[in-house]
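First comes the structure, then the notes that go with it.
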2 protein chains.
Amino acid sequence: MADTAPPPSAAGRSQSPSPSPSQDAGRLPRPVPAQRRYGNRPTMKDVAARAGVGLKTVSRVVNAEPGVTPDTERRVKEAIDALGFRRNDSARVLRKGRTASIGLVLEDLADPFYGPLNRAVEEIARAHGALLINGSSAEDPDREQELVLALCARRVDGLIVIPAGDDHRYLEPEMAAGVAIVFVDRPAGRIDADVVRSDSFGGARAGVAHLIAHGHRRIGFIGDQPRVHTATERLRGYHAAMAEAGLPVAEEWVALGSTEPKRVRAAAEAMLDAEHEPVTAVFTGNNRVTVTVVRVLAERERPVALVGFDDFELADLLVPGVTVVAQDAATLGRTAADLLFSRLDGAGGAPSHVVLETRLVARGSGEIPPWDAR
Amino acid sequence: MADTAPPPSAAGRSQSPSPSPSQDAGRLPRPVPAQRRYGNRPTMKDVAARAGVGLKTVSRVVNAEPGVTPDTERRVKEAIDALGFRRNDSARVLRKGRTASIGLVLEDLADPFYGPLNRAVEEIARAHGALLINGSSAEDPDREQELVLALCARRVDGLIVIPAGDDHRYLEPEMAAGVAIVFVDRPAGRIDADVVRSDSFGGARAGVAHLIAHGHRRIGFIGDQPRVHTATERLRGYHAAMAEAGLPVAEEWVALGSTEPKRVRAAAEAMLDAEHEPVTAVFTGNNRVTVTVVRVLAERERPVALVGFDDFELADLLVPGVTVVAQDAATLGRTAADLLFSRLDGAGGAPSHVVLETRLVARGSGEIPPWDAR
DNA sequence: TTGAAAGCGCTAACAT
DNA sequence: ATGTTAGCGCTTTCAA
């Protein structure tokens with residue numbers, strides 16, 4: 001999209017040639033002077049020494065455990081402040097077995113659809129005292145797997161995954177080992193696991209039916225790659241609506257593929273400008289596609305109707321307003337996170353499949369009549 | 001909101017009474033049978049036992065270190081697969097001292113402005129083999145500190161922070177201990193640290209000058225809270241542009257505060273509808289504010305000019321298109337991440353302050369002449 | 001109330 | 001080429 005401004009000046013390359021940091025030059029051949037990790041951070045042992053107490057006492061103070069005299073506590077706290085001590089949670093985690101962190105793997109951190117979802121998950125995690133580690137798969141199954149396994153190696157307590165791939169059997173050992181995993185937006189492939197998703201089929205069917213109700217008979221569908229579950233579900237909804245209205249579907253009216261603007265634009269133009277049976281309305285399979293199609297339609301004379309899956313900011317302020325099938329990303333995230341933490345709290349039982357309803361929001365673009373209406 | 005699927009059923013406590021995993025059962029009065037953490041995941045020791053090799057050999061295979069016969073390697077790998085072993089990075093980290101993870105603290109994960117930034121940081125982190133832990137401060141200084149310190153306790157190698165607070169002295173011990181920290185969007189408060197930000201002052205000055213060039217003399221400024229550095233910098237730019245044009249600024253034309261739509265709407269309406277000297281143009285301090293003001297202006301008859309700080313998706317498709325002072329969030333993130341990793345790679349030197357230029361993008365709303373022009 | 005000792009699972013350093 | 005021994009910094013256990 002926008003031009004990527006080059007970093008103005010090369011970032012501060014002003015390092016002086018490191019004046020021989022430490023003096024421990026000519027000494028005994030000690031293998032390694034028990035050198036501290038973590039940039040020589042003080043440990044509980046250091047705090048204990050400074051406060052003149054035992055290690056465990058420091059631990060008690062740090063963790064606010066009972067059984068420490070106010071006076072001792074004060075001395076320990078002073079030592080902590082003086083040394084700038086901060087507990088090393090890595091070590092704690094190793095001992096305790098829980099990391100108090102969960103992983104969130106989504107498709108693209110930059111996609112505005114995931115912002116509210118990400119935020120909702122974070123809020124719930126925070127309420128449970130857990131940190132959120134996240135990353136995006138860039139819609140690449142290999143990358144998804146790599147990321148998910150890296151998170152498992154970090155021993156996240158649980159994982160929320162928006163799957164890019166369609167085979168998640170690689171997760172079986174992890175799940176058997178007790179990692180809780182909830183899939184969002186799309187079900188897991190070839191394993192049975194918790195899922196929270198929107199009703200893609202029903203939403204798309206309703207959206208297309210809306211267009212049909214407004215007089216359209218030749219309706220295009222532009223969606224995501226067929227590998228993506230939501231894409232095929234929405235396409236199924238499209239076919240269902242058309243079939244229910246007794247309308248035929250020409251092959252040229254359906255275009256699945258990447259959400260890359262160029263591809264979407266080409267697909268849209270092809271079905272709009274076809275000699276034979278140009279479409280009078282378009283249903284778009286997700287917000288990325290919708291935005292590009294809005295651009296294409298804005299350039300043309302002939303008014304073409306549009307309904308898009310996913311709501312997006314400012315959809316109401318465009319002219320015409322964009323009619324959408326809205327799904328609630330925040331609720332999706334919140335529900336998934338709640339489910340995940342209930343699993344972590346010990347909830348057993350069969351995997352649950354939560355399906356959230358969508359909502360058709362009419363704003364104008366979906367109510368445009370066909371331009372060839374007689 | 002939607003139905004939060006109730007935890008299906010209560011806890012799955014179905015582990016059989018541990019069929020005495022290892023044989024060292026009837027021995028000394030060992031306090032606790034060394035029970036495994038992490039949901040009984042296999043460890044390198046288990047793999048070693050199963051493959052009939054030493055622990056270190058497993059470690060070598062797992063880390064692809066040299067010095068293992070192809071045959072041994074095969075046996076170890078078989079054991080790994082059979083057991084579903086996955087290295088515990090918590091332990092690794094404890095030993096190695098580096099976590100290969102960085103933290104990103106921003107204001108709001110749901111704000112579209114941060115999506116591309118987040119994504120850019122993630123890409124760089126990934127290129128360096130690091131994971132990204134992130135969270136949002138909700139623009140609350142206490143929450144920022146809490147989050148940052150939690151990340152430090154996890155011993156992230158470095159931190160990228162979009163500061164909410166204005167006093168970051170609490171980071172001094174961390175930085176002294178070697179945690180690399182780069183601030184983005186706004187400088188750190190009361191400490192000297194690396195910063196990567198846009199030229200808020202210059203951008204705002206240019207934006208306001210643009211309005212002045214189009215004939216406006218009464219221009220409003222609606223910005224973020226005065227605590228936020230960018231807000232005051234942009235206000236400074238506004239004042240500079242007005243002063244340079246010899247224009248007075250009425251007190252009622254300036255409104256700093258929360259970016260909450262209600263507040264922004266009230267502020268906008270007040271300055272637009274003033275009896276005395278209503279403004280004919282508005283400069284908005286960030287994308288959240290801009291979006292709300294666009295809504296307000298869309299409801300009115302009188303055409304009011306608008307220039308906003310920050311670009312946003314679809315700004316070009318609104319009618320009129322919204323003229324903005326664009327900053328490149330992705331480059332901001334990329335530059336900060338590059339700087340962070342250069343620090344982690346040992347780059348020393350004084351803190352660097354990188355300032356990225358902004359770009360005025362004229363799209364229509366900023367070129368509307370004053371409605372009272374004679 | 002306090003603390004010493006034994007690991008958590010891994011890697012570094014040193015045998016063999 | 002492979003194995004053994006110490007820890008990393010913390011919590012757990014148990015004794016004082």
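Keep in mind that the numbers below use all heavy atoms, side chains included, and drop hydrogens, waters and symmetry copies. Note on naming: letters A, B, ... go to the chains in the order of the sequence lines (proteins, then strands), and numbering restarts at 1 for each one.
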What is the separation between atom CG on A/Leu55 and atom P on D/dC8, rounded to the nearest whole Å?
12 Å
A/Ala91 side chain: which of C/dT11, D/dG9, C/dT2 is closest?
D/dG9
All ring pair (Phe, Tyr, Trp, His ring centres under 6.0 Å) counterparts of A/Phe183, not counting sequence neighbours:
A/His168
Got a donor-acceptor pair under 3.5 Å from the side chain of B/Arg60 to the base of D/dG3?
yes
Whole angstrom is fine here: how far is it from CG in B/Leu94 over to C1' in C/dT11?
10 Å
Which is more 5' along DNA chain C, the nucleotide nearest A/Thr72 or the one nearest B/Lys56? Just name the residue.
A/Thr72
Over all atoms of both residues, closest heavy-atom pair of B/Ala79 and B/Arg50:
CB-CG, 3.6 Å
All heavy atoms of A/Pro163 vs all of A/Val184, minimum pair found to be CD-O, 3.5 Å
Separation of atom CG in B/Asp46 from atom C1' in C/dC10, rounded to whole Å
13 Å
Using a heavy-atom cut-off of 4.0 Å across all strands, would you classify B/Asn63 as base, sugar-phosphate, or nothing?
sugar-phosphate
Donor-acceptor side-chain pairing of A/Glu65 and A/Ser59 below 3.5 angstrom:
no
Could you check how far CZ of B/Arg75 sits from C1' of D/dT2, rounded to whole Å?
11 Å
Grab the NZ-P distance between A/Lys96 and D/dC10 for me, whole Å please.
13 Å
Report yes if a donor N or O on one partner sits less than 3.5 Å from an acceptor N or O on the other, where the partners are the side chain of A/Arg95 and the base of C/dG7; otherwise report no.
yes
Of A/Arg87 and B/Val58, the one whose closest DNA chain D nucleotide lies more 5':
B/Val58
Could you state the atom-to-atom distance from CZ of A/Arg92 to C1' of D/dT12 in whole Å?
12 Å
Rounded to the nearest angstrom, tell me the gap between atom CZ in A/Arg154 and atom P in C/dG9.
18 Å
d(CG, A/Asn88; C1', C/dC10) in whole Å
14 Å
